[in-house]
Amino acid sequence: MPTSPTPTLVAGVHCSARQLRILVCDAATGTPLRQGRAAYAEGAATTPGAWLRAFGEAAAGGLLDGVAAIGVAAQNHGAVPLDAQGVVLGHPLPGDDLGASGAAADLVDALGGPGAWTAATGSVPGSSSAIAQLRRFARFEPDAVARIASVLLPHDWVTWQLLGCPPEPVTDRADASTTGYYATTGEWREDLLHLAIGRVPRTPLVLPPGGAAGRTPEGVLVSAGTGAEAALALGAGLSDGDVVVAIGTTGTAFAPHPVSVADPTGVVASYADATGRYLPLVRTLNAARVLRGTASMLGLDAEEFDRVALESTPGAAGLVLLPYLEGEQIPDLPHAAGTLTGLRRESMTPASLARASVEGMLCGISDALDVLRDRDVAVDRVVLVGPGARSAAVATIAPALLGLPTAVPAAALAGRYVAQGAARQAAWALFGVLPAWPSGVGAFPEPGEEELALGDAVRAQYREVRDRLHPGAVAPPREGADAGGRHRRG
């Protein structure tokens, strides 16, 4: 009996905020064949040495035996500064750490405001950006900054280690575009690095999409690597019109787009993707923290919170929560607080409050999708991922509130998209062409007409409160903007 040919293997590495995952796939089909995971030691998630230790643990037991190519994706956008000997001088702040927000604000002012930054780099520096974290590092560690010889991003550093620390580190355009010192025209902005830290360290070589970085000492081909969002887009096989909504502590929405999005307000970050296109991204400051805060106030665990929220009817008996617990940037209300309105006897129940928190959070996400539409980004279907997507209440209510076909992949499936995208990039570097792997997202159930009508009513109730309490915070849609999707900016 003839035997099946041995598949060519590729691997993808995902350095996330809590663990490192390695996924080994069939290079031709994308079928996951084996994986390994290792958590970082407590408090060491942003320490480069912890990434290497976790890589070793995850790869134990021959996980990478027979792998022909490997790619790395990383979650954190912060910088890894190195001295002339390659010694790490500092490590990134966690993605939700606002310690560099003051440095980011200083940089925005120094260049002349958000419009100047988006014209230069496509985005406005935030606390997690490499340039803001370097600025903060310069403020608190001036002696160390004087010794910086080069600056890498987290995925660059892991890639560099896999290659045996060669003289020429590399990166890709997607992650480079998140730094705050990479131009929309495709070159490093050394003047912006100098603005941040008063000197210009060496930056990595930016490889083209599908490019190879080199080989490990064992001969395994290494791809350029990329950032987590770009890798997720590759792993999920996003098409035009597909929008990823990631519900973490904050909310993120991004979608593939053919061109850079010029947004002088800075609300939309026009990042590059890993294929030569773009991934415009918007962020709300309040997402899963709204659900956790409400559950804590009600004394419920996550499972009980979901059950109680689904006991209430759509509209939460008239209770509306504007979820601006940490201020908000969509709409632009940095000093706002959350607001609860519509208290009546019938709405003063745990179920109504739990439901209102879910609806308020999702209405905030819907406002973010309206911002993408207003910049002519197609918004036709939603892929819902992140910790908040594991909430049964969120998964149930989201399709009606967002007004779109919504896929909610199983947590295990969604958790491997980034690693699968890194593996797909490795296969691209190996074969010289991007393989057509199936998306693996699954079905996008279409909400029914009754669901859509109820969702519209909830959105209208939310808009009325939002616009009454914060008049003018949401601008009318730009003339000629794409009106795709069910909802319109209100």
With salt bridge (charged side-chain N to carboxylate O under 4.0 Å, His left out) as the rule and sequence neighbours excluded, what pairs involving [range] come up?
range: residues 254-269; value: Asp263-Arg375
range: residues 31-41; value: none
range: residues 277-288; value: Asp240-Arg277

For this session: Look at Glu57 together with Arg53 and state whether they make a salt bridge at an N to O cut-off of under 4.0 Å.
Result: no
Problem set entry | From CA spacing to verdict: side-chain hydrogen bond (donor to acceptor under 3.5 Å, both in side chains), Thr249, Arg292 | CA-CA 9 Å; Thr249 300; Arg292 291 195 299 266; 3.2 Å; yes
Could you give the distance from [atom1] ([X]) to [atom2] ([Y]), rounded to the nearest 0.5 Å?
X: Gln19; Y: His14; atom1: CD; atom2: NE2; answer: 8.5 Å
X: Phe55; Y: Leu20; atom1: CZ; atom2: CG; answer: 7.5 Å
X: Leu340; Y: Leu353; atom1: CG; atom2: CG; answer: 6.0 Å
X: Leu404; Y: Thr406; atom1: CG; atom2: OG1; answer: 6.0 Å
X: Thr46; Y: Trp51; atom1: OG1; atom2: CH2; answer: 7.0 Å
X: Thr226; Y: His155; atom1: OG1; atom2: NE2; answer: 6.0 Å

Spell out, as yes or no, whether a donor-acceptor pair under 3.5 Å connects the side chain of [X] to the backbone of [Y].
X: Glu229; Y: Leu279; result: no
X: Arg135; Y: Leu195; result: yes
X: Tyr271; Y: Ala230; result: no
X: Arg173; Y: Asp273; result: yes
X: Glu141; Y: Ala138; result: no

Problem set entry | From CA spacing to verdict: side chain to side chain contact (heavy atoms under 4.5 Å, CB included), Tyr462, Asp467 | CA-CA 9 Å; Tyr462 178 88; Asp467 295 345; over 6 Å; no
Exercise. Any side-chain hydrogen bond (donor to acceptor under 3.5 Å, both in side chains) pairs touching residues 99-118, not counting sequence neighbours?
Worked result: Asp106-Arg139
Exercise. Is Glu346 atom CD crowded by more than 12 heavy atoms from other residues, nucleotides or ligands, each under 6.0 Å away?
Worked result: yes
Heavy-atom pair of closest approach, residues [X] and [Y]:
X: Ala274; Y: Gln425; value: CB-NE2, 4.4 Å
X: Thr294; Y: Ser357; value: OG1-CB, 3.2 Å
X: Ser352; Y: Ser347; value: CB-O, 3.2 Å
X: Tyr417; Y: Val441; value: OH-CA, 3.2 Å
X: Arg21; Y: Ala419; value: CD-CB, 4.0 Å
X: Arg189; Y: Ala120; value: NH1-CB, 3.4 Å

Beyond-backbone contact of [X] with [Y], side-chain heavy atoms, under 4.5 angstrom:
X: Arg466; Y: Arg463; result: yes
X: Met361; Y: Leu291; result: yes
X: Arg355; Y: Leu319; result: no
X: Val465; Y: Leu322; result: yes

Could you pull out every donor-acceptor pair under 3.5 Å between side chains of residues 298-305 and any protein atom, sequence neighbours left out?
| from | atom 1 | to | atom 2 | distance (Å) |
| --- | --- | --- | --- | --- |
| Asp301 | OD1 | Glu303 | N | 3.2 |
| Asp301 | OD1 | Glu304 | N | 2.7 |
| Glu304 | OE1 | Asp301 | N | 3.1 |

Exercise. Between Asn286 and Thr284, is any side-chain donor less than 3.5 angstrom from a side-chain acceptor?
Worked result: no
Problem set entry | Residue pair Arg459 / Ser366, side-chain donor-acceptor N/O under 3.5 Å | yes
Using the side-chain contact (heavy atoms from CB on, under 4.5 Å) criterion, which residues pair with [X]? Sequence neighbours excluded.
X: Ala130; answer: Ala79, Leu153, Thr179, Tyr181
X: Ser260; answer: Ser270, Tyr278
X: Ala116; answer: Leu111
X: Ala426; answer: Val10, Ala69, Ser223

Sequence neighbours excluded and cut-off under 3.5 Å, please list the side-chain donor-acceptor pairs for residues 381-400, or say none.
| from | atom 1 | to | atom 2 | distance (Å) |
| --- | --- | --- | --- | --- |
| Arg381 | NE | Asp242 | OD1 | 2.8 |
| Arg381 | NH2 | Asp242 | OD1 | 3.1 |
| Arg381 | NH2 | Asp242 | OD2 | 3.2 |
| Ser391 | OG | Asp306 | OD1 | 2.6 |
| Ser391 | OG | Ala393 | N | 3.3 |
| Ser391 | OG | Val394 | N | 3.1 |
| Thr396 | OG1 | Ala392 | O | 2.7 |

Problem set entry | ring-ring contact (aromatic ring centres under 6.0 Å, His included) partners of residues 321-350, not counting sequence neighbours, each pair once | Tyr324-His470
Seminar exercise, completed: Applied to residues 365-406, the ring-ring contact (aromatic ring centres under 6.0 Å, His included) test, sequence neighbours excluded, yields none
